[in-house]
Structure formats: structure tokens, C-alpha cells
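Contents: one structure, followed by commentary.
Side-chain atoms are counted along with the backbone in the values below, which use heavy atoms only and exclude waters and symmetry mates. Just so you know, these numbers come straight off a predicted model, no measurement behind them. Starting from 1, each residue takes its place in the sequence as its number.
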Amino acid sequence: MISTLVHSIENSALRFPERDAFRCGDKALNYQELKYKTDQLAKQLIDFRIEKGDRVGIFMPRCIETAIAIYGIMKAGAVYVPLDPSAPSERTNFLIDNCDISYVISIPSQKKSLLKIIEEGTSLNAIIGVKDTSLPITTVSWDTIFSNSLTDFKKIRIVAEDIAYIMFTSGSTGNPKGIVHTHRSGLNYAKFSAELYALNYTDRVANHAPLHFDICTFGYFSAPLVGACTIIIPDAYTKLPASLSELMEKEKITFWYSVPLALVQLLLNGVLDKRNLSTLKWVLFGGESFPAKHLNALMQRWSHARFSNIYGPAEINQCTYYHLDTPPSITSTVPLGEVWKHATYKILDVNDKEVRKGDTGELVVCTTTMMEGYWKNKELTQKSIYTEETNLKHRYYRTGDLVRENEQGQLLFIGRNDRQVKVRGYRIEMDEVENILIRHKEVKEVGVFLRENKVGDLELNAAVILTPQASVDGKTLAKFCTSFLPSYAIPENIYSITEFPRTSSGKIKRSEIYKIITE
């Protein structure tokens, strides 16, 4: 019986030993090789006195070794913690100290970054995957790991309730918050998502997301569960849409899952008319809203594929889906859709009372894919949980997302409860303003933000990325908004910029937009 994430690859190694489990560039691992190499890594960790529940960092870009690291750590009974190689070393050291990480798994190309982390002071005892005597701590090469004999390897007993991984996201206090997931929550997500999209062993899943972004769990968990092949997209390809679409064609991708930004870039710069992507069955997207005009164009381009909007905070992995049967109108908003059958939900007002059908409130979700809690933060965990006032005492995660239910029983995203602002006494949903500006045919992307004016009052501003042939300016766009928004919701200034500051997962860092404008 498959009851942990580790069991999933053990099972696939028995069923499909020669089938590719992961591919990245010119490297590939079949399921038998994945099983063997993850055993070797687990043995190395156990030899280092790693104990059950200890945290082990993974400091890597998108590469084949990430798959070995994830399952090798879990086989040792430990907890993997993805560390973003592009993040400031100060942030990485915070995570290492916060999680009491003594061992980090990496690759040789990260030596320079690792050295900086060590020089700034860290609790690390060793780096695995990088053999270099110039580093001031113990290092072990991948060749050494893969020469480990398994004759005396004793597997660690793992159960569903054990912690599998901790994924960090930005926190409102300025410090990252660690989302703790167990084998149960991770495996349930893998099972439910594979079931929903009929994922099977013949599929080839494109993994575009970095390891520290929760979307990657579809490729790393769901695909291995059914014996499918996950194609890890190398970092370089994520920046070159034309090369990325060529890779999709070469690898005969059947499943794509990413944030909308990656798909918009493929649409605009991926020379899709020159590619044969007839193998594509499903295009899944999530993480933020997909501008309807771009989604419409892409669905017409890939009319043979099915599209699905996926929603669910990292704390619960996924909870809703909306399959699009036809391209949306360019002025429409794509629904979050239905809550899948493995979860229940409520829509609450500010007093935690259920709203009437059709009214707006905060979405709370009860599901077996929910996190255990926030790492070392009981107060935040308690704040994030709603417990229903019945004898059942079910725990619901407070998403912080404002939704309403339409007549078809589908959830519509209204905005964030922390993206509602008050300017000059008026309540304004910044998401609504963004949705209006993106409708303009010469606007590619939008970021709305607040800033103080010269007299210290808050005012609404926006930044846009325009199409190459655009001739509009800020005043023209403000006039465009007057047809859809009340006067108090029209941005005081609309700036044209060439690129947005972004998180490593591609989301716009709205708090830093004005820095770009003033530099």
C-alpha cells in the first residue's frame, strides 16, 4: 500500500523500472536508477547521523539531482527544505538557522554561492554533492555518494504523519514563514491531482517551477506516483520562450503546469506557429490570475489541448479547479471553479458567520492536503485556522482570499482581504483595478500599488508593461479606466516600465515597483 511519498517511487520502480522518471537537459533517470540512487543518498545521510525529523536543505537550480535529493532525504526519515539559490545569502542563512539545518545538498555550480553563505556564518556541518577542499567545511561529491554500497543499508520506517518537507514563503512580518507538510498531505495532493486530470504512466509532465515553489509538487509528487516522466525545465530555458517551446516539442510534453506568466511569454515570444505541440493534452495554470485576452489567444492557438485553472494556497496545495471548455471573452474573469470532491469549504464574513449564497466573504477550506502548520510559529498557525462551531470540530484553513459563489456553484475570486485598501475614505480592491487595466489591448502586464504623495497621503498608482507597438501613455490609460471604475479607484499615476521586480517564482513584487520607477 502506498501511504507515504517514498512508497510512490518504490512502487513505480517495481512497475516501470526502465521507464524514465525524470529528465533534465541531456540527463535522465529511470525509476530503477532513481530508487537505487536515492537509497545511496539516504545511506550517506544516515552515516552522517541524520535522525528522523531532522531538516536537510536542498540548494540547487532546476536539475536532475533535485529528484534524488528530495526522495533521498525523505528515505532517510528527514525533512527536505528547498532553498532558493537566487535568494540573498542573508535570507538563506535565516532559513538554515531557523530550521536547524546541518547538511545541505547541492551541485558544483553553486560553490560560489555556498562559500558566501558559509562566510557569513552558518550552522552547516557539511555540503553533499560538492567536493571541494577549499570550502571550510566537510564536502562529499556525488561520485562518492553513488559509490556507496547498500549491503548494510537499513531503511528507515516512515509513516504518513511524519513531516516530509517545509516550504517557505514570504511572511507579512518580513521574515519567511515555513509551511510544514506531512507525507499524508503531500501524498493526498499527488493522488487527488493525478485522479482529477487522469494522469498516467504514459504522460510526460513539464516541470517549469523551481523547487521552492509549490506548483513543482505536481511534477515531483503526482507524476512519480503514477509512473509518468517529469521533464525538469533547465533554468536557461525559462528565460528563452522560443527555446522553451522547442524543448516542449522535442520532449513531446503532454502536461504543462505553470504560473500564467510563463504561458504569456510562450504566447508572445515562443514562435508557437513553428512548433508541433500536438502531444499536449492539458495546460494547467495557477498562482495568480491569467489575463483573459492572453488566455483566449493561447486557447485558440492550442485548441487541441484542455485548459484548467488551478487554485489553492501552498498551505493546502490545491482545492479548486475550473476546466475551460471554450476560450473566455477578453473582458471576462476566469472562475476559481469547483472545490474538488476531497475538500469542504465555507465562505465567512468578518465575524466568522457563513454568508448568504452570492455574497462575498473569506474562503476557508477543510482538506486532507492541508499543512500541519507553520514551522516554529504556533501563533500564526492558530490565526490561520478556523474551527467550525459543531461537535465535529473540523479544522479549516483561512485562505485570506475573498470569493463569492455564482449560480452554478462556482467560486469567483474577488480579491485578497489584504489587497483591499482605503484611499481618501474609499475602499478599493487593487485586484479589480488591475483587471480593468489589463483589458486594454496595448497593455501586457499590470501592477497596482500604494505610495505616499508629497503631503504624506496614500494614493493609488499603477505600472504597466506595454506591447512593443503601443502608443498609449498614462493619461490615455487613466481615461480608459473611467469607463469601468469610479473616479476614486483610478490610479493617480500610471507608469510605463520594461519589467517588473519579481519573486523567484515569477510573481510581481508590488511592494518594490516604485523603487524601479524612481531609479
Side-chain angles (χ1 to χ4, degrees), residues 5-6 8-9 12-13 20-31 33-42 44-45 55-76 78-87 92 95-96 99 101 103-111 113-114 127-130 140-143 145-146 164-168 181 186 189-190 204-225 228-238 247 251 255 257-258 262 314 504-506:
L5 290 166
V6 167
S8 66
I9 65 163
S12 288
D20 281 350
F22 288 88
R23 293 178 57 84
C24 186
D26 58 356
K27 295 182 178 180
L29 280 171
N30 64 36
Y31 276 101
E33 291 168 333
L34 179 63
K35 177 186 182 301
Y36 196 80
K37 290 187 175 184
T38 51
D39 282 348
Q40 291 175 310
L41 176 57
Q44 181 69 64
L45 291 169
R55 279 72 56 199
V56 178
I58 300 179
F59 190 83
M60 297 187 207
R62 300 166 175 87
C63 59
I64 199 79
E65 289 82 0
T66 53
I68 302 171
I70 285 175
Y71 285 97
I73 291 169
M74 291 192 296
K75 281 186 175 183
V79 178
Y80 81 84
V81 182
L83 303 171
D84 179 5
S86 65
T92 301
L95 301 188
I96 290 173
C99 287
I101 292 173
Y103 298 90
V104 162
I105 301 177
S106 190
I107 56 175
S109 65
Q110 299 304 305
K111 174 189 167 183
S113 297
L114 289 165
I127 296 172
I128 299 170
V130 179
V140 179
S141 71
W142 283 107
D143 286 341
I145 294 165
F146 297 149
Y165 64 100
I166 303 174
M167 194 167 289
F168 280 82
H181 275 287
Y189 163 70
R204 300 175 68 79
V205 178
N207 190 88
H208 183 273
L211 197 59
H212 57 276
F213 189 32
D214 63 301
I215 281 180
C216 78
T217 53
F218 186 75
Y220 283 96
F221 295 167
S222 304
L225 174 68
C229 176
T230 296
I231 315 299
I232 301 170
I233 308 296
D235 286 5
Y237 284 84
T238 66
L247 179 66
E251 293 287 1
F255 272 78
Y257 185 14
S258 75
S504 57
S505 60

Task: Residues forming a side-chain contact (heavy atoms from CB on, under 4.5 Å) with Ser141, sequence neighbours excluded - done: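 By the side-chain contact (heavy atoms from CB on, under 4.5 Å) rule, Ser141 matches Lys131, Asp143, Thr144.
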
- [ ] Applying side-chain contact (heavy atoms from CB on, under 4.5 Å), name anything that partners Phe146, two or more places apart in sequence or on another chain.
- [x]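 Only Lys37, Gln40, Ile68, Trp142 meet the side-chain contact (heavy atoms from CB on, under 4.5 Å) criterion with Phe146.
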
Closest contact, heavy atoms only, [X] versus [Y]:
X	Y	answer
Gly72	Leu41	CA-CD2, 4.0 Å
Ile233	Ala206	CD1-CB, 4.3 Å
Pro224	Ser12	O-OG, 2.6 Å
Tyr31	Ala223	OH-O, 3.7 Å
Ile64	Ala28	CD1-CA, 4.3 Å
Leu5	Tyr71	O-CE2, 3.5 Å

- [ ] Could you check His181 against Met167 for side-chain contact (heavy atoms from CB on, under 4.5 Å), going step by step and ending with a plain yes or no?
- [x] CA-CA 8 Å; His181 275 287; Met167 194 167 289; 5.8 Å; no

What distance do [X] atom [atom1] and [Y] atom [atom2] have between them, rounded to the nearest 0.5 Å?
X	Y	atom1	atom2	answer
Ile105	Ile127	CD1	CD1	11.5 Å
Met60	Leu211	CE	CG	8.5 Å
Ser258	Phe213	OG	CZ	9.0 Å
Leu29	Glu65	CG	CD	8.0 Å
Leu45	Ile145	CG	CD1	7.5 Å
Asp20	Glu33	CG	CD	8.0 Å

Looking only at atom types and distance, does a side-chain atom of [X] sit under 3.5 Å from a main-chain N or O of [Y], one as donor and one as acceptor?
X	Y	result
Thr230	Gly219	yes
Arg23	Cys229	no
Asp214	Cys216	no
Gln110	Ile107	no

Would you indicate whether the side-chain heavy atoms of [Y] and [X] approach each other to under 4.5 Å?
X	Y	value
His212	Phe168	no
Pro234	Leu247	yes
Val81	Leu83	yes
Ile9	Lys35	no

TODO: Assess whether side-chain contact (heavy atoms from CB on, under 4.5 Å) is satisfied between Thr238 and Arg62, documenting all intermediate values.
DONE: CA-CA 10 Å; Thr238 66; Arg62 300 166 175 87; 3.9 Å; yes

- [ ] Mind running side-chain contact (heavy atoms from CB on, under 4.5 Å) on Val56 and Ile128 for me, showing each step along the way?
- [x] CA-CA 10 Å; Val56 178; Ile128 299 170; 5.9 Å; no

- [ ] Mind telling me whether Phe218 and Tyr189 have parallel, tilted or perpendicular rings, with 30° and 60° as the class edges?
- [x]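 Tyr189 and Phe218: perpendicular rings.
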
- [ ] Carefully, step by step, assess Ile232 and Phe22 under the rule side-chain contact (heavy atoms from CB on, under 4.5 Å).
- [x] CA-CA 7 Å; Ile232 301 170; Phe22 288 88; 3.9 Å; yes

Task: Contacts of Tyr220 that satisfy side-chain hydrogen bond (donor to acceptor under 3.5 Å, both in side chains) - sequence neighbours left out - done: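 Partners of Tyr220 under the side-chain hydrogen bond (donor to acceptor under 3.5 Å, both in side chains) test: Thr66.
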
